[in-house]
Amino acid sequence: MKRNGSRGCVTRKTRFGSRERDWLKGDAQRGCVCLYGASEPQPPASGPQTSTGAQPDLKLVLCSTNTTAEELCAQRDVQGLYLQLHGDLIRRLDPSERPLQMVYDYLTAMGYEDPLRVQQEAANSDLSCMIRFYSEKPVNADQQERTLLKGVFSVRKGKTQLHKWAERQVILCGTSLIVASVKDSLTGKMHILPLVGGKVEEVKRRQHCLMFSSAGPQAQTYYVNFDTLADYQRWHRQASKVVSQTISLVDLSCYSLEEVPEYLFYCQDVTHLNLRHNFMRLDGPGGLVNFNRFAQLRSLNLSHNGLGVFPESLCEIQTLTELYLSCNGLSAVPARVENLQSLQTLCLDGNRLDSLPEELGSLVQLCSLGLSFNDFPHIPGVVERLCTLDKLAMAGNRVETLDLCSLLRMTHIKSIDLRLNGLRCVKSETLEPVKHLTQLDLRDNQLTSLDLSSACSLETLQCQRNQLGALTLSGFTLRTLHASNNRLTTVNIYPVPNQLTHMDLSRNLLEYLPDWVCDSRKIEVLDVSHNLLSELPARILSLKYLNVSANALETVPPSSQSEESLSTLQELYLTGNNLNENCAALLVGHQNLRVLHMAYNQLQSFPASKLSKLEVLEELNLSGNKLKTIPSTVSSCKRLHTLITHSNHISVFPEVLSLPEIKLVDVSCNEQTEILLPDSLPSTLQELDLTGNSSLMLEHKTLNLFSHISTLKLDQKPAVTAGDAQGTSSTLWDHGYAEMCGQRNKLCVSVLAVDRFGDSPEAAYGIFDGDRNEEVSRLLQCTMGDVLAEEIQHSSVDSVYMCNTFLTSHRKLGMAGQKLGASALLCYIHHESSEPGRYFSLTVANVGTCQAVLCRDGRPLALSKVFSLEQSAEEMERVKLAKAIITEDNKVSGVTCCSRLLGCSYLFPWVLPKPWVHTEPLCSQDEFLILGNKALFQKVSYQEAVSTVLAVRDPRAAAKKLCTLAQSYGCRDNVGAVVVALHIGEDSCTCEPPLSNTESRGPPVPTPLPISVSPGDPATPSSSSGIASEFNSEMSASEVGSEAGSTASDEHPSSGPTARPERRCSLHPTATLCNTGPVASLGPGAHPALFQRQPSSATFSSNQSDNGLDSDDEAPLEGVISNGSKLEVEVDIHCCAFQLRSGRPESPKDLDGRHDSRGLDYPNSKMRRQNSVVVSATNGCLLAVCGREISDLKKSPSTSSLFGKKLSNGSVVAPEDSHNIIEVALEAPKKKSGYFAAPAQQDPEDQLIIPPSLEQDVREQLRGQSPVVPGPPAPSTPPSARDPNWDHSQSTIPGLHPTTILQQDVYDTAL
């Protein structure tokens, strides 16, 4: 089975034979290495320890961890072995390196601990996307083209006809075109034509001919006639790139080079050479020892080459002005560096330096020195001698004390970066001012107080994420101040900072704003959210951006005495205060206001006349108030594109659908009853959320008007379950979730939600955040539940199967996980397998910044660990020891702020996929669980999140409120939240372990199964569960799920020492199936008494379906929404067990009143039919048929979407055979367009689907039995409480035990 990104890989079954299995079983230190050839397939080699795979370029070599590369080369008769990591660079292995041990070390560093599992994973072909060995270096045509083009062609020199055409060797390398004789291309006479700034043109008089011209008044011209069109296009493409350059730059980065082409030395005009991410060596014709041949080289980048030592040969290139040697493992700088007298920039980041030579002080032109992420305990003294140095970068070292007196001696330095140093103290023992320092970065240290009043020229200060309680600054030149995430109660700045434009004091302990804030003339951006402010000064509203969310404001100052004020305020965030409707009237003077957030205040109305004044308003958020209506004057806001008013009491839909730029409307969780629509909707409308309006009824005509909306969110129709009808409910948990794009144009957050995971009462929830990509989060959403279900079968230890779930998911990402990654969090609610009689436990595993919080007794309990460089000192230290480069925005190599992710394997070993795993026993005091991504908990604290959910209670509304709060606090990224309500009491479950496998297995003992008969259709989840249907016209749920495919194992172990025991309790008894054969005939793991919802999506042609209306129906079909040329149909698949009971048959009228029956009428029985599937009130025969054909259904195109696909509401159903038995129509009529066509008339021939061999038996049984009214099972209520006549005689079927007879109610997904 080929996985995404596993090109060239074959499955384990096709690769392994008995010989390989015997070899692996002998010793855990044994294994196999997959050797790939180059682009051309290699013939299979002979040998007793070699097995070839299905593809000729892949060979499987058995070896041990002690086998060296030299021994493998001798065995395979090859010159050398090459290693490729993460589909990126390829390097030659040293003869003494051991390939299999390298693989084992790689897997151990990833997180695998069991030696046998390491051995198993090392033999998996999917691993080749992360680590791969080649028997010869692969050929990359694009790389060769950009490095060197060479050939023998007809050449003519000059534009006149005096010169003749002649065969010449032509080389295009670097920045020049080289023309030489055919025989002696390197030793004979050569003509070198510089191309930078020149021309390359097509010669129309000759076929496949190009004219190359150099720049300048003495320009030379050569005509080259190529043999083929491919050569002509290749040379033209590369030469065009060279001539378009403004500088003589040669970029050979990331080419896996060990030396540069020798022809490059003839390009004497090269000034900039980029060799970053290669494996350059000192020796060789193109090695570093010969780089002094570049006569005009000014900039040289050798970062990430693994040099180990500073190449002293570089000190001979006296023309160098820039030298980059980051991440090379350097431990010392040679004294000969003083020869580089022209050097202006020296970057030595990410090495192992702890000192610098005194000779470095002689570099009188050096102005920028990079020493970040080394091991310096203090600022080197030689820096004082660098009289022209103005920028010093020393982030990520071990500087604990900064003495301002030492800065007085460095009068030339203007910018210092000391973040991530563990800095504890900044001393100032003199009153002498530090006049030269303008920029200082002290982020992510351990400072408790900071006095920089002597830095009188300071313009920019960044001191976020310290422990500052006091801050004193000089305001003479201060322009930008970032001091968020501290403990500040006040900020002292003197004199008044009249140049200050941007200030961030959020997440501190400010109770009032300092007076100097009002006197500052140029301040434009002010963020004081998450403080303790109770009032604002009157003169502060002359800003452009103001965020005072999450404070204790009860009023805001008026804009001015006149409503014609020329206010400059454009964005105002007032969420989470105590403001009332009177405050809204005070904002009318801000006529330039574009964004207004007043969510979660005490607004009971919004003045209509005041709203009409905000004519340029673009975004309005009034969620979480007590509004009953949105004023009709909102139609005056012609530029409004976003209106969010959820969680109010609004009954009339706002009049915004006539606005020309409206994009998003969220009126969920209100009291909407109907929507009055205009004749046409604006084409700009992209998202409409109507969930949580229980009384809202939409006509089919209304839904047709929404056909162009890419995202339409509606509630599923609630249904009354049997438990609800009796006043009891056995639901142990239910969930709601919300996802918001923010100001991003795509949603990169995905949610996994399975309330019923597997056979037993278990659940799985997850959230995945891809940051800037949506591919990885979608893949994890579709596959991670499957992987968890598979890993549970292999181990019963929580930490083991959860860790392996993450590591396996990381591997299964394939090529998508090489450059892209995602934070992931997975929660699994289950019984402890060691003590199945105890209560439930919650196992949480996470990587990245997704977090989980449990509310226990009204207080938050953190269950996850944040793997962020900003929040984890342990992870920061690990990444620093690995010598990663952390950029100024706290990202590893400028890519991600996370130290652990699924994906992004090219950042190994800095970024790992090993998760944090924690198991927490659940108790009756546990009320709910909150899952969220980084954007949520970056803005909303744990305590605030718990308090928010406690105040709302409904999981879906609570999830929406959390996301809205984050956006109102200034979050502009994707936000996702999942709220799982827990209803686990002290008597929730008393499960007992199953019988031992060694006991006899006779016929199943009949066990009565309590069943409640409830009128109506089989139940669907109630709206209170928080599940909403989201219809997307761009991609259906089935299409999303099909990207990843099924990840279920080919083998489903049902027993063995590692299999998890089946858990049942008095609430969830084991059901017994009456059948002519054993229960196992239903298929592996099938459980007939389990209620399971498995929605799916099928796409139909609107021409054939008549817009969702049947030919004999006036009302639209339930679950069908017209969407342009397609129909999105959500079908509920129910596999319910029912009780056949004796007694007087109900009349057809009674049956018709309970459900729409369209089946055949048999004597004394009624057939229930929906679309093209008919199920009769038979015994378990139909179930047995379903069990035999369940594997065939998975392979059928019309039913494959039922197994392991993404639901339209974001949830994913794990594709296990044990989930349920589903009968569907295997064939459906198809149109030429490729979509399934819904027949307008019912096909009489499809009315009964029963095997011919059983048809006669079924007819006989139907004649003697009473009709059955389907109803969902309610096993939590004893039979005596449900039916006093439970023990009455029942109809029996000949040949079967006199026991409960089960009925399956099955729907068709092909319609």
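The residues of the chain are indexed from 1 along the displayed sequence.
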What I want to check is whether the side chains of Y942 and Q851 have a donor and an acceptor closer together than 3.5 Å.
yes
With a 3.5 Å cut-off and no angle check, do the side chains of S864 and H918 form a donor-acceptor pair?
no
Residue pairs, two or more places apart or on separate chains, that pass ring-ring contact (aromatic ring centres under 6.0 Å, His included) and touch residues 455-483:
H482-H502
Partners meeting side chain to side chain donor-acceptor pair (under 3.5 Å) with D451 (sequence neighbours left out):
S453
State whether R594 and E618 are salt-bridged, where the test is any N-O pair (Lys NZ or Arg NE/NH1/NH2 against Asp/Glu carboxylate O) under 4.0 Å.
yes
Salt-bridge criterion met for K865 and E874 (N-O under 4.0 Å):
yes
Determine the interplanar angle of the Y573 and H597 rings, folded into 0 to 90°, and report it as parallel if under 30°, tilted if 30 to 60°, perpendicular if over 60°.
tilted
Does the distance from a Lys or Arg side-chain N to an Asp or Glu carboxylate O, for E571 and R972, drop under 4.0 Å?
yes
CD/E554: more than 12 non-hydrogen atoms of other groups inside 6.0 Å
no
Please lay out, stage by stage, how K934 and D771 fare under the test salt bridge (Lys or Arg N to Asp or Glu O under 4.0 Å).
CA-CA 9 Å; K934 173 186 176 182; D771 192 20; over 6 Å; no
Check whether the side chains of E619 and T642 place a donor and an acceptor atom closer than 3.5 Å, and report yes or no.
no
S506: what forms a side chain to side chain donor-acceptor pair (under 3.5 Å) with it, not counting sequence neighbours?
D504
Taking atom types as modelled and ignoring hydrogens, do the side chains of E944 and T948 form a donor-acceptor contact shorter than 3.5 angstrom?
no
Give a yes or no on this: more than 12 heavy atoms of other residues, nucleotides or ligands lie within 6.0 Å of atom CD of E511.
no
Strictly distance-based, threshold 3.5 Å: is any side-chain N or O of N547 a donor or acceptor partner for the main-chain N or O of S549?
yes
Are there more than 12 heavy atoms of other residues, nucleotides or ligands under 6.0 Å from atom NZ of K891?
yes
Report, one line per pair, each donor and acceptor closer than 3.5 Å where one atom sits in a side chain of residues 433-441; sequence neighbours left out.
from	atom 1	to	atom 2	distance (Å)
H436	NE2	L407	O	3.0
H436	NE2	M410	O	2.9
T438	OG1	K414	O	3.1
D441	OD1	R443	N	3.2
D441	OD1	R443	NE	2.9
D441	OD2	R443	NE	3.2
D441	OD2	R443	NH2	2.6

Applying side chain to side chain donor-acceptor pair (under 3.5 Å), name anything that partners N577, two or more places apart in sequence or on another chain.
none
Under 3.5 Å, is there a donor-acceptor pair linking the side chains of Q925 and R856?
no
Can you pull the side chain to side chain donor-acceptor pair (under 3.5 Å) pairs that have at least one residue in residues 462-474, sequence neighbours excluded?
D444-R465
Student check: side-chain heavy atoms of E927 and L950 closer than 4.5 Å
yes
